[in-house]
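All of these numbers come straight from a predicted model, not from anything done at the bench. For the numbers below, each heavy atom of this structure counts, side chains included, while hydrogens, waters and symmetry mates do not.
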Amino acid sequence: MSTTEPTTESKPSALFVCVHNAGRSQMAAGFLRTLSGGAVEVRSAGSMPAEMINPTAVEAMLEKGIDIRAEKPKVLTNEAVEASDVVITMGCGDACPFYPGKRYEDWELEDPAGQGIESVRPIRDDIEKRIRKLLAELGVEPTA
């Protein structure tokens with residue numbers, strides 16, 4: 001690496017993986033980006049990405065002042081895994097692969113797909129609590 005290339009070596013990084021990368025992982029990524037204030041490199045991906053973000057997840061996050069509308073579901077790649085310090089799968093069981101050698105967590109969360117806002121809010125709030133705990137484990141003070 002040349003000395004002119006930017007590096008994120010000192011910045012912890014997390015990858016959130018769910019099947020469709022359209023709800024749970026996108027909400028988690030939105031919370032981590034916002035609450036870390038850029039102190040954590042954030043990625044999200046899906047083993048079988050959807051075509052768009054779940055509109056109810058978008059609505060639930062907007063209620064918290066976090067806009068994930070510009071996010072697009074992304075395909076899970078080995079490069080994303082290799083570039084991440086923490087890999088967190090989200091309720092996708094065998095559909096999400098396990099990566100030996102990585103700090104790995106599985107957050108069992110209900111899928112917000114097809115659910116109304118009243119059902120998605122508790123999922124969102126659970127994700128926020130987990131993100132705050134992750135920030136503490138990474139030694140990053142939440143910005144809000």
Side-chain angles (χ1 to χ4, degrees), residues 1 5-140 142-144:
M1 177 188 303
E5 291 180 35
T7 180
T8 59
E9 289 178 26
S10 62
K11 188 188 282 193
S13 59
L15 169 65
F16 299 101
V17 181
C18 65
V19 175
H20 300 297
N21 189 222
R24 294 169 288 196
S25 57
Q26 291 288 3
M27 287 191 285
F31 273 124
L32 188 55
R33 276 190 196 96
T34 300
L35 295 176
S36 76
V40 178
E41 184 73 29
V42 181
R43 296 174 183 83
S44 67
S47 55
M48 297 180 289
E51 293 190 20
M52 60 182 261
I53 303 299
N54 178 329
T56 309
V58 169
E59 179 183 354
M61 292 301 285
L62 285 171
E63 290 178 350
K64 291 285 191 168
I66 300 172
D67 190 351
I68 60 172
R69 288 179 290 192
E71 293 292 324
K72 303 290 181 229
K74 295 170 266 332
V75 175
L76 179 63
T77 64
N78 286 333
E79 292 81 14
V81 174
E82 290 168 8
S84 301
D85 298 314
V86 181
V87 177
I88 300 172
T89 58
M90 311 188 89
C92 52
D94 293 339
C96 287
F98 178 80
Y99 298 94
K102 289 288 174 181
R103 178 175 164 198
Y104 170 83
E105 296 180 30
D106 183 41
W107 293 357
E108 289 198 27
L109 296 162
E110 192 173 343
D111 190 346
Q115 297 195 49
I117 191 70
E118 294 299 325
S119 296
V120 174
R121 284 182 184 128
I123 299 167
R124 173 205 62 201
D125 295 345
D126 186 11
I127 291 170
E128 181 179 10
K129 287 177 193 166
R130 291 170 189 249
I131 292 297
R132 288 183 180 278
K133 182 177 182 246
L134 177 63
L135 283 169
E137 291 168 1
L138 294 173
V140 175
T143 60

Enquirer: Of all the heavy-atom pairs spanning Arg43 and Ala80, show the shortest one and how long it is.
Expert: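 Distance-wise, the nearest heavy atoms are CD-O, 3.9 Å.
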Enquirer: Give, for atom NZ of Lys72 and atom CE of Met52, the distance between the pair rounded to the nearest 0.5 Å.
Expert: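 Lys72 atom NZ to Met52 atom CE measures 9.0 Å (nearest 0.5 Å).
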Enquirer: Scan for side chain to side chain donor-acceptor pair (under 3.5 Å) pairs involving residues 49-62, sequence neighbours excluded, and state none if there are none.
Expert: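 Output for this query is empty, none listed.
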Enquirer: Table please: side-chain donor-acceptor pairs of residues 12-22 below 3.5 Å, with sequence neighbours left out.
Expert:
{"residue": "Ser13", "atom": "OG", "partner": "Ala83", "partner atom": "O", "Å": "3.0"}
{"residue": "Ser13", "atom": "OG", "partner": "Asp85", "partner atom": "N", "Å": "2.9"}
{"residue": "Ser13", "atom": "OG", "partner": "Asp85", "partner atom": "OD2", "Å": "3.3"}
{"residue": "His20", "atom": "ND1", "partner": "Met48", "partner atom": "O", "Å": "3.1"}
{"residue": "Asn21", "atom": "OD1", "partner": "Gln26", "partner atom": "NE2", "Å": "3.2"}
{"residue": "Asn21", "atom": "OD1", "partner": "Lys74", "partner atom": "N", "Å": "2.7"}
{"residue": "Asn21", "atom": "ND2", "partner": "Ser25", "partner atom": "OG", "Å": "2.7"}
{"residue": "Asn21", "atom": "ND2", "partner": "Ser44", "partner atom": "OG", "Å": "3.1"}

Enquirer: Return the set of residues passing side chain to side chain contact (heavy atoms under 4.5 Å, CB included) with Glu82 (not counting sequence neighbours), or none when no residue passes.
Expert: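 Only Asn78 meet the side chain to side chain contact (heavy atoms under 4.5 Å, CB included) criterion with Glu82.
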Enquirer: If every non-hydrogen atom of Ala39 is compared with every non-hydrogen atom of Val140, which pair is closest and at what distance?
Expert: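 Scanning both residues, the minimum pair turns out to be CB-CG1, 3.8 Å.
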Enquirer: What pair of heavy atoms forms the shortest contact from Thr143 to Thr34, and how long is it?
Expert: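 Between these two residues, the closest heavy atoms are OG1-O, 3.0 Å.
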Enquirer: How long is the straight-line distance from CD1 of Ile123 back to CD of Gln115, given to the nearest 0.5 Å?
Expert: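 If I round to the nearest 0.5 Å, the distance is 4.5 Å.
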Enquirer: Measure the CE-CD1 distance between Met61 and Ile68 for me, rounded to the nearest 0.5 Å.
Expert: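 Those atoms lie 5.5 Å apart.
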Enquirer: With sequence neighbours left out, what residues match Lys64 under side chain to side chain donor-acceptor pair (under 3.5 Å)?
Expert: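 Result, side chain to side chain donor-acceptor pair (under 3.5 Å) vs Lys64: Glu128.
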Enquirer: So do the side chains of Glu137 and Arg103 get within less than 4.5 Å of each other, counting heavy atoms only?
Expert: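 A side-chain contact exists here, since the closest heavy-atom pair is under 4.5 Å.
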Enquirer: State the CZ-CD1 distance between Arg24 and Ile88, to the nearest 0.5 angstrom.
Expert: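 Going from the CZ atom of Arg24 to the CD1 atom of Ile88 covers 13.5 Å.
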Enquirer: Drop me the distance from Leu138's CG to Ile131's CD1, to the nearest 0.5 angstrom.
Expert: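 Here the rounded value is 9.5 Å.
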Enquirer: Heavy atoms, side chains only, cut-off 4.5 Å: are Glu110 and Ser119 in contact?
Expert: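 A side-chain contact is absent here, since even the closest heavy-atom pair is not under 4.5 Å.
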Enquirer: Does a side-chain N-to-carboxylate-O contact under 4.0 Å join Asp126 and Arg130?
Expert: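 Yes, Asp126 and Arg130 are salt-bridged.
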Enquirer: Which value, rounded to the nearest 0.5 Å, describes the distance between Glu41 atom CD and Lys11 atom NZ?
Expert: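 Separation between the atoms: 5.5 Å.
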Enquirer: Looking only at heavy atoms, which two atoms of Asp111 and Ala113 are closest? And how far apart?
Expert: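 Where Asp111 meets Ala113 most closely, the heavy atoms are OD1-N, 3.0 Å.
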Enquirer: Tell me, which pairs form a salt bridge (Lys or Arg N to Asp or Glu O under 4.0 Å) where one or both residues lie in residues 29-40, sequence neighbours left out?
Expert: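 The answer is Arg33-Glu71.
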Enquirer: Which residues satisfy the side chain to side chain contact (heavy atoms under 4.5 Å, CB included) test with Pro142, sequence neighbours excluded?
Expert: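 Arg132, Leu135.
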